[in-house]
A.B. asks: 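Can you keep this structure in mind? I'll have questions shortly.
Every chain is numbered from 1 and lettered A, B, ... according to where its sequence line falls, protein lines coming before strand lines. All figures in this text were calculated on a predicted structure; none of them were measured in a lab. FYI, side chains are in, hydrogens and waters are out, and symmetry mates aren't considered; it's all heavy atoms of this structure.
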Protein chains: 2
Amino acid sequence: MFDLFFTHINQKVNLSEAEQQEVKTFFAPKKLRKRQYLLQEGEPCKYLVFVEKGVLRSYNVDSKGVEHIIHFAMEGWWMGDIYSFLSGDPSGYNIDAIEDAELLMITLDGFEQMMVKVPRMERYFRILFQNNIISKERRLISSISYTAEEKYLRLVESSPELLQRIPLNLVASYLGITPETLSRIRKKLTQKK
Amino acid sequence: MFDLFFTHINQKVNLSEAEQQEVKTFFAPKKLRKRQYLLQEGEPCKYLVFVEKGVLRSYNVDSKGVEHIIHFAMEGWWMGDIYSFLSGDPSGYNIDAIEDAELLMITLDGFEQMMVKVPRMERYFRILFQNNIISKERRLISSISYTAEEKYLRLVESSPELLQRIPLNLVASYLGITPETLSRIRKKLTQKK
DNA sequence: AAAATGGATTGATCTGGATCAAGACTTTTA
DNA sequence: TAAAAGTCTTGATCCAGATCAATCCATTTT
């Protein structure tokens, strides 16, 4: 259950066997069926979760009722609404499973205790957050500076795994374009080759 | 020189006098004139800087030669290209001063040593990065989900200070719209009132 | 195995915001 | 203090991508 979890953590900080045992105590396992919600808009986000298996997405719904995907999380990724998780305020996001998923969950209390008890986890999260900032910044630049086609090509480049596993209409939402536009872009690109 | 600096840090983690003295040793002061570069595209970002006074911006230039502003940083904010800073790779950003500025700079070596020597600074940056993720996520949602007018209104809401100090053409670039569009939006909004 | 649901494609049309152009006003620079 | 550069506004036109609509398959569900 914790295999992938510690593999990922030990890539960034090296935990002793004792630290691993300590860390384990803060997490609870959870299974989620396809289409099942982990979080619905209006609820506070009570858990930060690590994805052991499956794929989750987070999205918000705009004033016209259109869904906009904020993130995907597949094996080895974290998911949650950090703002709501930390503040306790109601979340503006929905999180659900795109594929059946197995998760490890931690509460805010657990998270804060863990930071104190296992300082190496504080380091792990500092590094994780650094990387998260970098990838959000890349995405923001894509979104502000590039055309729909360029955005798609950057995604192909940076996250080919996503395109293998996620339906194109969801990929389009993630890129901030319509499924029709994405379909036309892909057609154009295959013809070009 | 370090007044604002420690005020900000102590809002998140409380440093003892001894810790403050230790932290100081990792930073060097720097003044920047308006329009002067802190970083130019192609160079590695050697310093993370804290703004004691003035305003900086970071921006990239797209294939058509158009500038896109990634961030502003005024008093009490940090600035740098975190990706380039951490990896040592050449940066794709430019950073320059919009107003004369006074900065405190730290190198990557300094940063990493400081994390070890003053663990409370590791905590400070973990929290800083958390908040940074939250604000980037907000901005990403703005950018993907909202119209130009809604983006502007959200900025008025979340960062009124920015609009006081920064020319509108730069605000437009930050919002990912043209100065003409921003001008028309503002006209429409004042008429509406 | 029939019906319902979800995903992808293609065509026709529409539109928010970009682009191009010009003028007014203000701040720098020489 | 004159000229140049930067900032903001307004008007006319254009276009990338959205919207609306229909069809085709592939999976689920019953």
Side-chain angles (χ1 to χ4, degrees), chain A residues 33-36 55 57 59 61-69 72 94 96-100 142-156 162-193, chain B residues 33-36 54-55 57 59 61-69 72 94 96-100 142-156 162-192:
Chain A
R33 288 271 171 72
K34 188 173 174 175
R35 267 157 222 275
Q36 204 180 333
V55 187
R57 64 164 179 165
Y59 63 97
V61 181
D62 71 20
S63 50
K64 290 168 206 123
V66 180
E67 290 179 5
H68 300 273
I69 292 182
F72 295 112
N94 299 278
D96 64 12
I98 297 180
E99 293 176 11
D100 289 0
S142 263
S143 164
I144 290 181
S145 313
Y146 295 154
T147 63
E149 180 174 329
E150 287 168 333
K151 284 176 203 176
Y152 171 70
L153 288 172
R154 272 167 69 98
L155 184 67
V156 171
L162 278 180
L163 290 160
Q164 312 289 17
R165 270 178 87 175
I166 293 174
L168 292 173
N169 60 336
L170 300 187
V171 171
S173 168
Y174 179 76
L175 290 174
I177 64 182
T178 59
E180 292 95 328
T181 296
L182 181 56
S183 174
R184 286 185 248 265
I185 286 168
R186 285 166 54 89
K187 188 183 177 189
K188 191 184 143 203
L189 289 171
T190 53
Q191 285 174 346
K192 199 177 276 178
K193 262 190 301 194
Chain B
R33 288 272 170 72
K34 188 173 173 174
R35 266 155 223 279
Q36 203 181 331
V55 187
R57 65 166 178 165
Y59 63 96
V61 180
D62 71 20
S63 50
K64 289 168 206 125
V66 181
E67 290 179 6
H68 300 272
I69 292 182
F72 295 111
N94 299 278
D96 64 12
I98 296 180
E99 295 177 10
D100 290 358
S142 262
S143 163
I144 290 180
S145 310
Y146 294 154
T147 63
E149 181 175 329
E150 287 167 333
K151 285 176 202 176
Y152 172 69
L153 288 172
R154 273 167 69 97
L155 184 66
V156 171
L162 277 181
L163 289 161
Q164 312 289 19
R165 268 178 88 173
I166 292 173
L168 293 172
N169 59 338
L170 300 187
V171 170
S173 168
Y174 179 77
L175 291 173
I177 65 181
T178 58
E180 292 95 328
T181 296
L182 181 56
S183 173
R184 286 185 249 265
I185 286 169
R186 286 165 55 88
K187 188 183 177 190
K188 191 185 143 204
L189 290 171
T190 52
Q191 285 172 347
K192 198 178 279 180

A.B. asks: Assign A:Ile177 to base, sugar-phosphate, or nothing according to its heavy-atom contacts below 4.0 angstrom with the strands shown.
C.D. replies: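 If one applies the 4.0 Å heavy-atom cut-off, A:Ile177 turns out to touch the sugar-phosphate alone, with no base involved.
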A.B. asks: Given D:dT9, is OP1 or OP2 found less than 4.0 Å from the side-chain N or O atoms of B:Lys187?
C.D. replies: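 It does not, given that no N or O in the side chain of B:Lys187 lies less than 4.0 Å from OP1 or OP2 of D:dT9.
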A.B. asks: CD1 of A:Ile177 to CD of A:Glu149: how many Å apart, nearest 0.5 Å?
C.D. replies: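 Separation between the atoms: 10.0 Å.
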A.B. asks: Is any side-chain heavy atom of B:Val171 closer than 4.5 Å to one of B:Leu162?
C.D. replies: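 No, their side chains stay 4.5 Å or more apart.
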A.B. asks: Rounded off to whole Å, could you give me the CD-to-C1' distance for the B:Glu180 and C:dG23 pair?
C.D. replies: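 To the nearest whole Å, that distance equals 14 Å.
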A.B. asks: In Å, rounded to the nearest 0.5 Å, how long is the span from NE2 of A:His68 to CD1 of B:Ile144?
C.D. replies: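 Here the interatomic distance stands at 8.0 Å.
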A.B. asks: As a test of reading the structure: which of C:dA8, D:dT19, C:dT9 is closest to the side chain of A:Ser183, going by heavy atoms?
C.D. replies: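 The answer is C:dT9.
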A.B. asks: Is any side-chain nitrogen or oxygen of A:Thr147 closer than 4.0 Å to OP1 or OP2 of D:dA16?
C.D. replies: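 False: A:Thr147 side-chain N/O out of range (4.0 Å or more) of D:dA16 OP1/OP2.
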A.B. asks: Without swapping roles, check the side chain of A:Asp100 against the backbone of A:Arg33 for a donor-acceptor pair under 3.5 Å.
C.D. replies: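 No: the side chain of A:Asp100 does not pair with the backbone of A:Arg33.
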A.B. asks: Kindly say whether A:Arg186 contributes a backbone atom to a donor-acceptor pair with the side chain of A:Thr190 at under 3.5 angstrom?
C.D. replies: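 Between the backbone of A:Arg186 and the side chain of A:Thr190 there is a qualifying donor-acceptor contact (under 3.5 Å).
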A.B. asks: Could you state the CG-P distance from A:Asp62 to D:dA18, rounded to the nearest angstrom?
C.D. replies: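 Between P of D:dA18 and CG of A:Asp62: 13 Å.
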A.B. asks: Tell me: CG of B:Leu168 to C1' of D:dT9, nearest whole Å?
C.D. replies: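 B:Leu168 atom CG is separated from D:dT9 atom C1' by 11 Å.
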A.B. asks: Specify the separation, in whole Å, of atom CD of A:Glu99 and atom P of C:dG7.
C.D. replies: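 Rounded to whole Å, this separation is 12 Å.
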A.B. asks: Enter the inter-axis angle for the ends of the helix from C:dA1-D:dT30 to C:dA30-D:dT1 (five pairs per end, rounded to 10°).
C.D. replies: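 End-to-end axis angle: 50°.
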A.B. asks: Taking only Lys NZ, Arg NE, NH1 and NH2, and the carboxylate oxygens of Asp or Glu, determine whether A:Arg35 and A:Asp96 approach each other closer than 4.0 Å.
C.D. replies: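 Answer for the salt bridge query: no.
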A.B. asks: Expressed as a whole number of angstroms, how long is the span from A:Lys64:NZ to D:dT19:C1'?
C.D. replies: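 After rounding, the gap between these two atoms is 12 Å.
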A.B. asks: If each of A:Arg184 and B:Tyr146 is mapped to the nucleotide of DNA chain C with the nearest heavy atom, which maps nearer the 5' terminus, i.e. the 5' end?
C.D. replies: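 That would be A:Arg184.
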A.B. asks: Check whether any side-chain nitrogen or oxygen of B:Asn169 sits under 4.0 Å from OP1 or OP2 of D:dC8, and answer yes or no.
C.D. replies: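 It does, given that an N or O in the side chain of B:Asn169 lies less than 4.0 Å from OP1 or OP2 of D:dC8.
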A.B. asks: Would you indicate, yes or no, if C:dG6 has its OP1 or OP2 atom less than 4.0 angstrom from a side-chain nitrogen or oxygen of A:Arg35?
C.D. replies: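 Answer is yes, contact under 4.0 Å.
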A.B. asks: Grab the CG-P distance between B:Leu175 and C:dG16 for me, whole Å please.
C.D. replies: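 Taking atom P of C:dG16 as the reference, CG of B:Leu175 is at 19 Å.
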A.B. asks: Hey, which of these two, A:Ile166 or B:Ala148, hits DNA chain C nearer its 5' end, going by closest nucleotide?
C.D. replies: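 The residue whose closest nucleotide sits nearer the 5' end is A:Ile166.
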A.B. asks: Which nucleotide in the list C:dG7, D:dT7, D:dA18 gets nearest to the side chain of A:Thr178?
C.D. replies: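 Of the candidates, D:dA18 comes closest.
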A.B. asks: Does a side-chain heavy-atom distance below 4.5 Å link A:Arg57 with A:Ser173?
C.D. replies: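 A:Arg57 vs A:Ser173: side chains apart.
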A.B. asks: Starting from P on C:dT28, measure out to CZ on B:Arg33 and report it in whole angstrom.
C.D. replies: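 Result: 14 Å.
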A.B. asks: Report the residue (A:Lys34 or B:Thr181) whose heavy-atom-nearest nucleotide on DNA chain D is the more 5′ of the two.
C.D. replies: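 Whichever sits nearer the 5' end wins; that is B:Thr181.
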A.B. asks: Answer yes or no: is there a donor N or O on one side and an acceptor on the other, between the side chain of A:Ser145 and the main chain of A:Ser142, under 3.5 Å?
C.D. replies: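 Here the side-chain-to-backbone pair does not exist.
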A.B. asks: B:Lys188 has an atom NZ; how far is it from atom P of C:dG17, in whole Å?
C.D. replies: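 From B:Lys188 NZ to C:dG17 P: 9 Å.
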